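Since the structure comes first, as structure tokens, the remarks are kept for the end.
Note that the structure is a prediction, hence the values are computed from the model and not measured. We count residues from 1, following the sequence as given. First listed ligand is number 1; within each ligand, the first listed atom is number 1.
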Amino acid sequence: MPSPLFDRVDRVPYAGPGSEDPFAYRHYDPDRQVAGKSLRDHLRFAVCYWHNFVFLGQDMFGADTFERPWVGREGMEAARFKATTAFELIEKLGAPYFTFHDRDIAPEGDTLRETNRPLDERGAVLAGEMQRTGVKLLWGTANLFSHPRYAAGAATNPDPEVFAYAAAQVKKAMEVTHGLGGENYVLWGGREGYDTLLNTDLRQETEQFGRFLHLVVEHKHKIGFGGTLLIEPKPMEPTKHQYDADAAAVHAFLRRFGLEREIALNIEVNHATLAGKSFVHELAYAVANDLLGSIDVNRGDPQNGWDTDQFPNSAEEMTLAFVEILRGGGLGTGGCNFDAKLRRQSIDPHDLLHAHIGGGDTLARGLVQAAALLEEGRVEAFRRERYARWEESLGREILAGRKSLDDLSALVLDTDLEPQPVSGRQEMLENLVNRVC
Ligand code: XUL
Ligand code: CO
């Protein structure tokens, strides 16, 4: 058993808003009941493998900056070391879940057969750690973007053999996820897009992507995987344009291929902002179309255009997000996956604790404040009242399809209808938000 990496902490406690302890939660009290459930059950935190245990601080101009004890070790020894350390962090944080890509835990071999064997072995190591700690798997996924074979896409590659390889990889990753009791399976199409339309047949690639997802759905049912399949929209990076650009684009795609009852969305904060949308918009769209599955929590930097994947720290942003999530009935089988990484200068392993503690407190504040806003009721009442006339006969008849353009025209002309504008009261509503934030 390797010695603990996070040796300054035994377990991160909830110490209350007055605490000065940098290794304690000030707002995330897992047992606190809000809107009928504990914070633990609402938020379902997950610690991700890739940013915490694969990423070592490199950026496009510079080398690794983090020293981690498994670096320099090989094979299973490194995998065990990494897994023990990962679960040390997850356990100390009291996070109920983790997430991983196949390639986070096992490297690429010369053939897929040689890749899958160590994946199984290392999956067994994770299973042992899960059993020891009681930590569960929120979701697994396949990395279909790092290897050069996927440079021109995985499912959307011009070469059907690459499609076949990606299919084989997803089959295996989904089976490993299922074997570990994963509650969801995520598809993030990092390379499913294009760098230039000069070499891209968009219609062809879209057909391929639709077929691929049907195969994934069929296999899910075949193996009896009861988790939710999730697509994670992102508009760009690494490609210039990614097909599953935002919630609405994915929705249109799912409907076109008849998949909207089979696949939900994993909405990520920084992907929304990269798409020129807000996180809350993406959530509201997903809720309005019964597509909300799970969330990847992080944030971008308003000064940079790219996916900086910083830990969430805006309680107001999360309050508005949880208003939408609570309106939609919560996260279901989903959760809050911290798809966020340390800054390159945060070289002390304990910075991983500060990061997740701050992120957890931000989400807890957001949830509690959102529940308070909804319970206080004035925003909800205002919104209901704003649409109340659709409950009256004219509104009902229009929506029921019982009025034609002729009918409506006659109504306006015959009665000299003169609808009066009413205030949308945005500032008053924003003041109500500020009363809870
Ligand atoms: C990339 C991203 C991925 C997915 C899983 O921006 O968010 O880490 O969450 O592949
Ligand atoms: Co993500």
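Proximity of the aromatic rings of F145 and W188 is defined here by a centroid distance below 6.0 angstrom, and this criterion is met. Between F45 and H356, the distance from one ring center to the other does not fall under 6.0 angstrom. In this structure, the ring of Y243 has its center no less than 6.0 angstrom from the ring center of F253.
Side-chain contact check for H101 and D104: at least one donor-acceptor pair (N or O, by modelled atom type) lies under 3.5 Å. In this model, no donor atom of one side chain and acceptor atom of the other lie less than 3.5 Å apart for H214 and E262.
The distance from atom CG of L320 to atom OG of S278, rounded to the nearest 0.5 Å, is 8.5 Å.
With a 4.0 Å heavy-atom cut-off, ligand 1 is reached by the side chain of D307 but not by its N, CA, C or O. With a 4.0 Å cut-off on non-hydrogen atoms, N266 does not touch ligand 1 at all.
Ligand 1 has an N or O atom lying under 3.5 Å from an N or O atom of D296, backbone or side chain. For ligand 1, the polar-atom distance check against D309 finds no nitrogen or oxygen pair separated by under 3.5 Å. Distances between N or O atoms of T141 and those of ligand 1 include no value under 3.5 Å.
Summarising the local packing, CZ of R40 is surrounded by more than 12 heavy atoms from other residues, nucleotides or ligands at distances under 6.0 Å. Applying the 6.0 Å contact sphere to NZ of K37 captures more than 12 heavy atoms from other residues, nucleotides or ligands.
Atom numbering of ligand 1 starts at 1 in the shown order; those under 4.0 Å from a heavy atom of H101 are 5 (C), 8 (O), 10 (O).
Counting just the N/O/S atoms of E268, the one with the shortest distance to the Co ion (ligand 2) is named OE1. The Co ion (ligand 2) sits nearest to atom OD2 when only the N, O or S atoms of D339 are considered. The Co ion (ligand 2) lies closest to atom OE2 when only the N/O/S atoms of E232 are considered. Restricting D296 to its N/O/S atoms, the shortest distance to the Co ion (ligand 2) is reached by OD2.
Using 4.0 Å as the threshold, E237 has no heavy atom nearer than that to any atom of ligand 1.
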